[in-house]
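Data block below; observations after.
Note that ligands are numbered from 1 as they come in the structure, with each ligand's atoms numbered from 1 the same way. We're numbering straight along the sequence, starting at 1. Owing to the predicted nature of the structure, the values given are computational and were not obtained by experimental measurement.
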Amino acid sequence: MTIKEALQEAGAKGYALGHFNVSDSTQLNAIAEVSRELSLPVLIGVSEGERKFLGMHAVAAIINALKKEGVSIFLNADHTHDVEGAKACIDAGFDSVMFDGSKLPIEENIQKTREVVAYAQQSGREVFVEGELGYIGSSSALLDEIPEGAGLQMTTPEEAARFVRETGVSMLAPSVGNIHGMLKNAPEPRLDIPRVGLVAEAAGVPLVLHGGSGTADDDFVAAIKQGVRIVHINTEIRVAYRKGIQAALTENPDEVAPYKYLGRGADELKSVVRARMSLFAGK
Ligand code: G3H
Ligand code: ZN
């Protein structure tokens with residue numbers, strides 16, 4: 001299955017695929033196991049920092065090996081801020097690239113995103129390019145407050161239509177009330193569901209909902225009904241992974257076998273991934 005086929009199937013059946021960010025191969029293998037267990041395709045995201053730590057070619061090689069084993073798994077170069085970085089990921093065999101020009105003036109965002117789309121088209125492979133419109137914060141972390149400027153300029157249907165028309169992106173990440181990261185002491189803001197529907201219709205391409213951690217389940221369900229086809233989750237699985245590792249080391253402070261304490265982290269992470277993927281798939 002290609003990423004295009006996976007998205008077409010999600011569109012036809014009205015569900016969304018889960019996209020989970022990873023920093024190491026333990027997390028990646030745990031997510032692949034859940035994908036296999038639920039028989040659902042899954043996307044793995046590596047942002048600039050994550051792929052620098054994990055190794056761009058190393059992660060591409062693991063994904064290819066999993067594909068050969070029959071796992072419907074796709075690799076996304078998440079939040080790529082420079083055109084050269086996006087091109088390098090296309091060359092490395094990634095299935096998709098998210099060019100993040102959300103902090104740039106719209107003209108520059110369009111021009112750079114278009115350059116990435118042109119490069120992907122010349123690659124000789126099917127590489128999807130996602131663009132982002134509207135700043136929604138930038139870190140998958142536990143937050144004291146909403147980051148300055150995040151969510152202030154929500155995406156309008158007019159901007160979405162223009163952006164897709166002028167860049168040729170295959171997917172669009174809008175600002176619709178979603179925020180990267182998770183507030184420590186307050187519930188997440190609610191999504192603007194009518195806006196999701198209007199933006200999806202105007203864009204005419206699958207919408208990608210970033211900043212999924214902490215979002216209310218009924219907001220997810222409503223947004224998926226309106227055209228969200230991929231949901232990004234990072235902070236929630238970072239928290240779960242760390243919680244598992246911490247519990248394992250607290251219970252056995254002398255443990256030095258990484259597969260034991262990391263394994264506990266992976267178990268916690270899998271519970272979150274299982275619950276999120278099932279919700280997004282309407283299971
Ligand atoms: O690209 C990554 C995501 O948008 C993750 O956001 O940390 O709020 O789940 P999150
Ligand atoms: Zn994101």
Quick one: do Ile3 and Asn76 satisfy side-chain contact (heavy atoms from CB on, under 4.5 Å)? Show the steps, please. CA-CA 10 Å; Ile3 189 167; Asn76 177 44; over 6 Å; no
Electrostatic pair Arg162-Glu107, nearest N-O below 4.0 angstrom: yes
Report the distance from atom OG1 of Thr113 to atom CD of Glu108, rounding to the nearest 0.5 Å. 10.0 Å
Show which atoms of ligand 1 fall inside a sub-4.0 Å distance from at least one heavy-atom site of Asn234. 5 (C), 7 (O), 9 (O), 10 (P)
Under 3.5 Å: N/O of Thr235 near N/O of ligand 1: yes
shortest atom 3 (C) of ligand 1-to-protein heavy-atom contact is with His232 CB, 3.3 Å
Is the closest side-chain heavy-atom distance between Phe20 and Gln27 below 4.5 Å? no
Which of the numbered atoms in ligand 1 are under 4.0 angstrom from any heavy atom belonging to Ser140? 5 (C), 6 (O), 7 (O), 10 (P)
Less than 4.5 Å apart, any side-chain heavy atom of Ile63 and any of Leu28? yes
Which of the atoms of ligand 1 are close to Ile233, meaning less than 4.0 Å from one of its heavy atoms? 9 (O)
Subset of ligand 1 atoms that lie under 4.0 Å from at least one heavy atom of Ile179: 8 (O)
Heavy-atom nearest neighbour in the protein, as seen from atom 8 (O) of ligand 1, with distance rounded to 0.1 Å: Gly181 N, 2.9 Å
Check if His79 has a non-hydrogen atom at a distance under 4.0 Å from any atom of ligand 1. yes
Distance under 4.0 Å to a non-hydrogen atom of His210: what atoms of ligand 1 satisfy this? 1 (O), 4 (O)
Neighbouring protein N, O or S atoms of the Zn ion (ligand 2) [cut-off: under 2.8 Å, no waters]: His79 NE2, His180 NE2, His210 ND1
Of all the non-hydrogen atoms in the protein, which one sits nearest to atom 6 (O) of ligand 1, and at what distance? Gly211 CA, 3.2 Å
Which is it for Val59 and Glu50 under the side-chain contact (heavy atoms from CB on, under 4.5 Å) test, yes or no, and what are the steps along the way? CA-CA 10 Å; Val59 65; Glu50 288 160 342; over 6 Å; no
Report yes if some N/O of Asp78 lies less than 3.5 Å from some N/O of ligand 1; otherwise report no. yes
Which label fits His79 and His210: parallel for a plane angle under 30°, tilted from 30 to 60°, or perpendicular past 60°? perpendicular
Which of the atoms of ligand 1 are close to Ser213, meaning less than 4.0 Å from one of its heavy atoms? 7 (O), 8 (O), 9 (O), 10 (P)
Side-chain ion pair, Lys112 and Glu115, N-O less than 4.0 Å: no
Could you see which bit of Arg238 sits under 4.0 Å from ligand 1, with heavy atoms only: side chain, backbone, both or neither? neither
Can you confirm whether Leu17 sits close enough to Phe74 that some side-chain heavy atom of one is under 4.5 Å from a side-chain heavy atom of the other? no
Salt bridge between Arg264 and Glu251, side-chain N to carboxylate O under 4.0 Å? yes
Taking it one step at a time, do Arg51 and Thr80 satisfy side-chain contact (heavy atoms from CB on, under 4.5 Å)? CA-CA 11 Å; Arg51 63 185 182 253; Thr80 305; 3.1 Å; yes
Starting from the C-alpha separation in whole Å, work towards a yes-or-no answer on side-chain contact (heavy atoms from CB on, under 4.5 Å) for Asn252 and Asp254. CA-CA 5 Å; Asn252 188 354; Asp254 292 334; 3.9 Å; yes
